[in-house]
Colleague: 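Okay, here's the structure, questions in a sec.
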Amino acid sequence: MVGWAIAVHGGAGVDPNLPTDRQEQAKQLLTRCLNLGISALQSSASAIDVVELVVRELETDPIFNSGRGSALTEKGTVEMEASIMDGVGRRCGAVSGITTVKNPVSLARLVMDKSPHSYLAFSGAEDFAQQMGVEREENDYFITEDNKGMLKLAKEANSIVFDYRIPTTGYESCGSGVDTPIHMNGLPISVYAPETVGCVVVDSQGRCAAATSTGGLMNKKTGRIGDSPLIGAGTYACDACGVSCTGEGEAIIRGTLAREVAVVMEYKGLGLQEAVDFVIKERLDEGQAGLIAVSKTGEVAYGFNCVGMFRGCATEDGFMEVGIWE
């Protein structure tokens, strides 16, 4: 028996001028999700059930970029993606190109549990959702007025906009003071603040699990797939740990970031926080990202190399933290 631990995130790369009311809304949601997970763990729920439960809650609230409130493609539509992984047996499921499923993380869970596959995408994933009878909505359900405004700004700037959560009026200082543009695969982008969501859990039996969900990038090309549904990149769980990543998807993919945490624990003998710190420092090249992690012994850790990361964590011994900045 070990002590349980849980961590959640709502994205790394927060704009330093994000209005305080938006910061508070984010922290309230993270706190609510942590408490939801804590209650489930105290009731002896398994790690895999808890990560799905918590990410569903994050997908249902439009504060972050997943489910309802997802970022919009260049065509003004939503293409969501999610993955989930059970450290027991390294079972996993993932989906991409989702346009009608209310909770993509649960569809990913069904891919894992009810199909012979690990990953379904676009029309195939939608067909599977219909077969499974999951709750679905028209694409308009996922589109918010804030995101319509941010897509308009992105198109006017001919840019991918990461910080789609910045209101379109009244907060002109957001994104100011950025002297050097950030690059993605060598191309400059504007403000960097992706808000993918994720959860990692180790339960009292020492079982680890992880789940990640996102709407992707504002004004992204249709068909673009990021790190969130890619096992080993945005999400990974095994006997040793569970990891969920957020940030510059292309950099996370190149570094297979989530899997790297487990690798350096196994082959370098590092502890969880040491492994997280090493991976953030050594495996991102010039990319910007963050991650949350738990270990089979009940540890919890996080790290990021950008301005901030929406995150929260708690352990069975009573520790609880919700924060954004360092």
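Position 1 is the first residue of the sequence; numbering continues from there.
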Colleague: Do I324 and K27 make a side-chain contact, defined as non-hydrogen atoms from C-beta onward lying under 4.5 Å apart?
Modeller: yes
Colleague: Whether the S66 and S213 side chains hold a donor-acceptor pair (N or O, under 3.5 Å, no angle test) is what I'd like checked.
Modeller: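 Their side chains do not contain a donor-acceptor pair, so the 3.5 Å distance test is not met.
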Colleague: How about Q42: does its CD atom have over 12 heavy atoms from other parts shown lying under 6.0 Å from it?
Modeller: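 Atom CD in Q42 is crowded, with more than 12 foreign heavy atoms closer than 6.0 Å.
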Colleague: Grab the two heavy atoms, one from L41 and one from A5, that are nearest each other, plus how far apart they are.
Modeller: CD1-O, 4.5 Å
Colleague: Running the 4.5 Å side-chain criterion over Ile, Leu, Val, Met, Phe, Trp and Tyr, what cluster does L270 land in, apart from itself?
Modeller: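 Taking Ile, Leu, Val, Met, Phe, Trp and Tyr as members, L270 shares its hydrophobic cluster with V243, I252, L257, V261, V264, M265, L272, V276, F278, V279, I280, L284, L291.
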Colleague: Hydrophobic clusters here meaning ILVMFWY residues chained together by side-chain heavy-atom distances under 4.5 Å, can you tell me if L36 and V55 are in one?
Modeller: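 In one cluster with L36: V55, no.
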Colleague: Tell me every residue that passes side chain to side chain contact (heavy atoms under 4.5 Å, CB included) with V307, counting only those two or more places apart in sequence or in another chain.
Modeller: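 V307 satisfies side chain to side chain contact (heavy atoms under 4.5 Å, CB included) with P16, W325 only.
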Colleague: Please check this pair: side chain of T246 against backbone of A12, looking for a donor-acceptor N/O pair closer than 3.5 Å.
Modeller: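 Answer holds: yes.
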Colleague: Is it true that atom CZ of R259 has more than 12 heavy atoms of other residues, nucleotides or ligands lying nearer than 6.0 Å?
Modeller: yes
Colleague: What pairs with E316 under salt bridge (charged side-chain N to carboxylate O under 4.0 Å, His left out), at least two apart in sequence or on another chain?
Modeller: none
Colleague: Starting from the C-alpha separation in whole Å, work towards a yes-or-no answer on side chain to side chain contact (heavy atoms under 4.5 Å, CB included) for M218 and L72.
Modeller: CA-CA 5 Å; M218 183 66 70; L72 306 182; 3.9 Å; yes
Colleague: Under a plain distance cut-off of 3.5 Å, with no hydrogens placed, do S244 and T212 share a side-chain donor-acceptor pair?
Modeller: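 Note: T212 and S244 side chains meet the donor-acceptor criterion.
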Colleague: Under the side chain to side chain contact (heavy atoms under 4.5 Å, CB included) criterion, do F304 and R311 qualify, and how do the steps go?
Modeller: CA-CA 11 Å; F304 51 93; R311 83 276 179 181; 3.8 Å; yes
Colleague: Could you check whether any side-chain N or O of N147 sits under 3.5 Å from a backbone N or O of G69, counting only pairs where one atom can act as donor and the other as acceptor?
Modeller: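 Yes; at least one donor-acceptor contact below 3.5 Å.
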Colleague: List the steps, then state whether salt bridge (Lys or Arg N to Asp or Glu O under 4.0 Å) holds for E74 with R224.
Modeller: CA-CA 11 Å; E74 59 188 355; R224 181 261 184 183; over 6 Å; no
Colleague: Work out which heavy atom in A262 is nearest to a heavy atom in C238; give both atom names and the distance.
Modeller: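 Heavy atoms of A262 and C238 come nearest at CB-SG, 3.8 Å.
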Colleague: Can you list the steps and then say if D49 with R109 is a salt bridge (Lys or Arg N to Asp or Glu O under 4.0 Å)?
Modeller: CA-CA 9 Å; D49 287 341; R109 174 78 183 270; 3.1 Å; yes
Colleague: Tell me yes or no: between the side chains of T214 and S228, is some donor less than 3.5 Å from an acceptor?
Modeller: no
Colleague: Is I253 reachable from L217 through a run of hydrophobic residues whose side-chain heavy atoms are each under 4.5 Å from the next?
Modeller: no
Colleague: Could you tell me whether the side chain of I231 reaches within less than 4.5 Å of the side chain of S83, counting heavy atoms only?
Modeller: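 Yes, close enough: below the 4.5 Å cut-off.
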Colleague: To check you understand the geometry: which heavy-atom pair defines the closest contact between A129 and V101, and what is its length?
Modeller: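 Taking A129 first and V101 second, the nearest heavy atoms are CB-CG2, 3.6 Å.
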Colleague: Checking side-chain polar atoms at under 3.5 Å, does Y119 have a donor or acceptor matched by the opposite partner on S96?
Modeller: yes
Colleague: Linking I/L/V/M/F/W/Y whenever any side-chain heavy atoms sit under 4.5 Å apart, do V201 and I84 land together?
Modeller: yes
Colleague: Main chain of G223, side chain of E79: is a donor-acceptor contact present, judged purely on distance under 3.5 Å?
Modeller: yes
Colleague: Do T144 and D146 pair up side chain to side chain, a donor and an acceptor below 3.5 Å, judged on atom types alone?
Modeller: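 Side-chain D/A pair, T144 to D146: absent.
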Colleague: Rounded at 0.5 Å granularity, tell me how far CZ in R283 sits from OG1 in T256.
Modeller: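 Between atom CZ of R283 and atom OG1 of T256 there are 8.5 Å.
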Colleague: Please check: side-chain N/O of N305 versus main-chain N/O of A289, any donor-acceptor pairing under 3.5 Å?
Modeller: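 Yes, the answer is positive, given that a donor and an acceptor are paired below the 3.5 Å cut-off.
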Colleague: Are any of the side-chain heavy atoms of F310 and V197 separated by less than 4.5 Å?
Modeller: no
Colleague: Could you give the distance from OG (S46) to CD (E52), rounded to the nearest 0.5 Å?
Modeller: 9.5 Å
Colleague: Take L30 and F64 through the test side chain to side chain contact (heavy atoms under 4.5 Å, CB included) and record every step on the way to the result.
Modeller: CA-CA 10 Å; L30 292 170; F64 294 130; 4.0 Å; yes
Colleague: Quick check: do E248 and E286 have side-chain heavy atoms less than 4.5 Å from each other?
Modeller: no
Colleague: Going by atom types alone, do T99 and E126 pair a side-chain donor with an acceptor below 3.5 Å?
Modeller: yes
Colleague: Measure across G298 and T315 and return the closest heavy-atom pair with its distance rounded to 0.1 Å.
Modeller: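 Closest heavy-atom pair between G298 and T315: O-CG2, 4.1 Å.
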Colleague: Closer than 3.5 angstrom, by distance alone: can the side chain of R68 be matched with the main-chain N or O of Y141 as a donor-acceptor pair?
Modeller: yes
Colleague: Transitively linked via ILVMFWY side-chain contacts under 4.5 Å: L53 with M132?
Modeller: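 The answer is no; the residues belong to distinct hydrophobic clusters.
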Colleague: Would M309 and F319 show up in the same hydrophobic cluster when neighbours are defined by side-chain heavy atoms closer than 4.5 Å?
Modeller: no
Colleague: Are the side chain of S39 and the backbone N or O of N35 linked by a donor-acceptor pair below 3.5 Å?
Modeller: no
Colleague: For D113 and R91: C-alpha separation, side-chain torsions, deciding distance, then whether salt bridge (Lys or Arg N to Asp or Glu O under 4.0 Å) applies.
Modeller: CA-CA 9 Å; D113 288 343; R91 300 168 59 247; 2.4 Å; yes
Colleague: In Å and rounded to the nearest 0.5 Å, what is the CG to CD1 distance from D203 to I6?
Modeller: 11.0 Å
Colleague: Would you check if F142 and I98 make a side-chain contact, meaning some heavy-atom pair closer than 4.5 Å?
Modeller: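 When only atoms from C-beta onward are counted, I98 and F142 do not touch, as no gap falls below 4.5 Å.
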Colleague: Quick check against the 3.5 Å criterion: does K220 have a side-chain atom that pairs as donor or acceptor with the backbone of G215?
Modeller: yes
Colleague: Under the 3.5 angstrom rule, does the side chain of H9 hit a backbone N or O of T196 as a donor-acceptor pair?
Modeller: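 Between the backbone of T196 and the side chain of H9 there is a qualifying donor-acceptor contact (under 3.5 Å).
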Colleague: Would you call D277 and K281 a salt bridge, using N to O less than 4.0 angstrom?
Modeller: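 A salt bridge is absent here (no side-chain N lies under 4.0 Å from a carboxylate O).
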Colleague: Just how far is it from atom CE of M150 to atom NZ of K155, taken to the nearest 0.5 Å?
Modeller: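 Those atoms lie 13.0 Å apart.
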Colleague: Ignoring hydrogens, what is the shortest heavy-atom contact between V50 and A40? Give both atom names and the distance.
Modeller: CG2-CB, 3.9 Å
Colleague: To check you understand the geometry: which heavy-atom pair defines the closest contact between V105 and E59, and what is its length?
Modeller: N-OE2, 3.0 Å
Colleague: To the closest 0.5 Å, what do you measure between CG (N65) and CG (L58)?
Modeller: 11.5 Å
Colleague: Within a strict 4.5 Å, meaning less than it, do heavy atoms of the Y302 and V200 side chains meet?
Modeller: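 Counting from C-beta outward, Y302 and V200 never come under 4.5 Å.
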Colleague: Before giving the answer on side chain to side chain contact (heavy atoms under 4.5 Å, CB included), spell out for V134 and S106 the whole-Å C-alpha distance, their side-chain angles and the decisive distance to 0.1 Å.
Modeller: CA-CA 8 Å; V134 301; S106 290; 5.8 Å; no
Colleague: Between D21, V14, T20, which is the residue that forms a side-chain contact (heavy atoms from CB on, under 4.5 Å) with L18?
Modeller: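 When D21, V14, T20 are each tested with L18, the side-chain contact (heavy atoms from CB on, under 4.5 Å) holds only for V14.
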Colleague: Rounded to the nearest 0.5 Å, what's the gap from NZ on K102 to OG1 on T100? Could you check?
Modeller: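 That separation rounds to 12.5 Å.
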Colleague: Can a donor-acceptor pair be found, under 3.5 Å and without considering hydrogens, that links the side chain of S43 to the backbone of A45?
Modeller: no
Colleague: Are Q28 and I63 side-chain neighbours, meaning at least one heavy-atom pair lies under 4.5 Å?
Modeller: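 No, too far: nothing below the 4.5 Å cut-off.
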Colleague: Is there a donor-acceptor contact under 3.5 Å from the side chain of Q288 to the main chain of G247?
Modeller: no
Colleague: Any heavy-atom pair between the side chains of Q130 and R136 that's under 4.5 Å?
Modeller: yes
